[in-house]
Colleague: 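For reference, the structure I am asking about is given below.
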Amino acid sequence: AFGDEYVFIADVGTWVVPDPSPTYRNVAGVWVSGFLLSWHPANVNWQPSTLSWELGKGYDVEAWALQMNRILDLTSLHKIVILQTDIDPPDVDGRLFVLSNYLLAKGERSYLASASGMPEFYPETTVPLGAYIGEIPMDIQDLWREEWRVYAREYEGGLVLVNPGPDEVTINLDTPLYQVTPVGGGPVSTDGIPTGRLTAILTDTLTLTPPGGAILLREFENSNLTYP
């Protein structure tokens, strides 16, 4: 009805309602407006009024896997996938968890959005990972690394790790990599100039407390990753 100028994007909320659930394969894409937002599986009716909008509170790994698999299903079909979540600027660990999960499920038409509705800038989104390596996984378990007990995805410039829970894990890398941590970032001031920078440490061991994520680079040049 709209010709070639518009596409239909379905708002699927958290997309963790029990099966049967629409696959949305017949539309141009989905807007997951509750990406990684926590939920309470004890509520069998999955009513939105019971959702907790605090990242990581009452987290349920099975529901996380369900959401990620539904996202991957459309990503593998080259659909538009918009992942929106509630980002708390001072919560650096939460920000890294959000970005790491996005990078696990990223495809050629994937987008990450903040629920704040305000102009924001986060330096971690500029990490020079390059393109992802290999095909888009069909199932989140395809990214499980048994030796590390985390989910991992390879990129040209490094590696992304995610530990959704329930246990803390310590990872011994095969070779040292730069673990990236953002400093600053958040709402953009009225002058329109974003601020923030990236720091990194070269390490062959790291610990991820759930829910946790890490972005690791093979090379790191701080001079190219400072804003403004």
Side-chain angles (χ1 to χ4, degrees), residues 9 11-16 29-40 48-61 63-68 70-72 75 80-107 109-129 140 150-151 153 155 158 160-165 179-200 208-217 225-228:
I9 303 293
D11 180 358
V12 297
T14 61
W15 211 7
V16 293
V30 294
W31 169 31
V32 185
S33 56
F35 180 55
L36 296 177
L37 296 180
S38 56
W39 42 78
H40 300 280
S49 61
T50 66
L51 292 177
S52 168
W53 291 79
E54 295 183 65
L55 185 67
K57 302 296 184 182
Y59 218 75
D60 180 79
V61 177
W64 169 84
L66 177 63
Q67 186 186 68
M68 294 294 282
R70 288 174 172 171
I71 291 168
L72 286 171
T75 301
I80 297 169
V81 178
I82 303 170
L83 305 177
Q84 178 179 295
T85 194
D86 190 24
I87 298 172
D88 180 17
D91 182 8
V92 171
D93 290 339
R95 286 162 46 182
L96 287 171
F97 182 67
V98 167
L99 183 59
S100 298
N101 276 275
Y102 165 75
L103 292 169
L104 276 191
K106 178 178 170 58
R109 305 173 79 189
S110 299
Y111 306 91
L112 182 61
S114 168
S116 73
M118 302 294 292
E120 295 175 308
F121 172 78
Y122 295 99
E124 60 268 30
T125 61
T126 67
V127 171
L129 277 170
I140 194 63
V150 296
Y151 296 86
R153 192 177 187 190
Y155 277 75
V160 175
L161 305 177
V162 169
N163 177 19
Q179 184 178 1
V180 175
T181 301
V183 176
V188 177
S189 61
T190 55
D191 61 13
I193 300 175
T195 59
R197 60 188 176 89
L198 293 177
T199 63
L208 284 182
T209 301
I215 300 171
L216 305 169
L217 295 176
L225 300 171
T226 302
Y227 299 86

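Small disclaimer: the values here were computed from a predicted structure and weren't measured. Atoms considered below: every heavy atom in the structure, side chains included; atoms not considered: hydrogens, waters and symmetry mates.
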Colleague: For the residue pair Arg70 and Val32, establish whether any side-chain heavy-atom pair is separated by less than 4.5 Å.
Modeller: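 The answer is no, as the side chains (C-beta and beyond) never meet within the 4.5 Å cut-off.
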Colleague: What's the shortest heavy-atom distance between Trp15 and Val30, and which atoms?
Modeller: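 Smallest interatomic distance, heavy atoms only, reads CZ3-CG2, 4.1 Å.
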Colleague: Does a side-chain heavy-atom distance below 4.5 Å link Thr199 with Arg197?
Modeller: yes
Colleague: Flag the pair Phe35 / Ile82 as yes when at least one side-chain heavy-atom distance between them is below 4.5 Å, and no otherwise.
Modeller: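 Of all side-chain heavy-atom pairs linking Ile82 with Phe35, none is under 4.5 Å.
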Colleague: Quick check for you: to the nearest 0.5 Å, what is the distance between Tyr122 atom OH and Leu112 atom CG?
Modeller: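 CG of Leu112 is found 10.0 Å from OH of Tyr122.
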Colleague: Start with the C-alpha gap between Ile193 and Val188, add the side-chain angles, then the distance that decides, and say whether side chain to side chain contact (heavy atoms under 4.5 Å, CB included) holds.
Modeller: CA-CA 7 Å; Ile193 300 175; Val188 177; over 6 Å; no
Colleague: Would you mind reporting whether Pro89 and Pro187 have side-chain heavy atoms less than 4.5 Å apart?
Modeller: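 In contact.
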Colleague: Judged by atom type as modelled, is there a donor-acceptor pair below 3.5 Å linking the side chain of Arg95 to the main-chain atoms of Ile87?
Modeller: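 No, the answer is negative, given that no donor and acceptor are paired below the 3.5 Å cut-off.
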Colleague: So does Ala113 get a backbone contact from the side chain of Tyr102, meaning a donor-acceptor N/O pair under 3.5 Å?
Modeller: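 No.
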Colleague: List the residues meeting side chain to side chain contact (heavy atoms under 4.5 Å, CB included) with Thr75, not counting sequence neighbours, and say none if there are none.
Modeller: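 Applying side chain to side chain contact (heavy atoms under 4.5 Å, CB included) to Thr75 gives Ile71, Val81, Ser110, Ile136.
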Colleague: Mind checking the CD-CD1 spacing from Glu124 to Ile215? Nearest 0.5 Å is all I need.
Modeller: 7.0 Å
Colleague: If only side-chain N and O atoms count, and only distance matters, is there a donor-acceptor pair under 3.5 Å linking Ser33 with Gln84?
Modeller: no
Colleague: Any side-chain heavy-atom pair from Val162 and Phe97 closer than 4.5 angstrom?
Modeller: yes
Colleague: Rounded to the nearest 0.5 Å, what's the gap from CG on Leu99 to CG on Leu83? Could you check?
Modeller: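 Result: 11.0 Å between the selected atoms.
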Colleague: Show the nearest heavy-atom pair for residues Pro123 and Thr126, with the distance to one decimal.
Modeller: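 Closest approach of Pro123 to Thr126: O-OG1, 2.6 Å.
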Colleague: Can you name the nearest heavy-atom pair linking Ser100 to Val160, along with the distance?
Modeller: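 So the minimum-distance heavy-atom pair works out to O-CG1, 3.4 Å.
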Colleague: I'd like to check Thr195 versus Phe121 (side-chain heavy atoms, cut-off strictly below 4.5 Å). Are they in contact?
Modeller: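 Answer no - side chains too far apart.
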Colleague: Mark yes or no for whether Asn163, through its side chain, and Leu208, through its backbone, hold a donor-acceptor pair below 3.5 Å.
Modeller: yes
Colleague: Shortest non-hydrogen contact from Leu129 to Leu216?
Modeller: CD2-O, 4.0 Å
Colleague: For Tyr151, give me all partners under ring-ring contact (aromatic ring centres under 6.0 Å, His included), at least two apart in sequence or on another chain.
Modeller: Trp64, Trp144
Colleague: Given Val98, which of Leu103, Thr85, Asp86 fulfils the side-chain contact (heavy atoms from CB on, under 4.5 Å) condition?
Modeller: Thr85
Colleague: Would a distance-only check, ignoring hydrogens and angles, find a side-chain to backbone donor-acceptor pair under 3.5 Å from Arg153 to Asn101?
Modeller: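 Side chain of Arg153 to backbone of Asn101: no pair is present.
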Colleague: How long is the straight-line distance from NZ of Lys106 back to CG of Leu72, given to the nearest 0.5 Å?
Modeller: 13.0 Å
Colleague: Taking all non-hydrogen atoms of both residues into account, name the closest pair between Gln67 and Val16 and its distance.
Modeller: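 For Gln67 versus Val16, the nearest heavy atoms are CB-CG1, 3.8 Å.
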Colleague: Between the side chain of Thr181 and the main-chain N/O of Ala200, is any donor-acceptor distance below 3.5 Å?
Modeller: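 No; zero donor-acceptor contacts below 3.5 Å.
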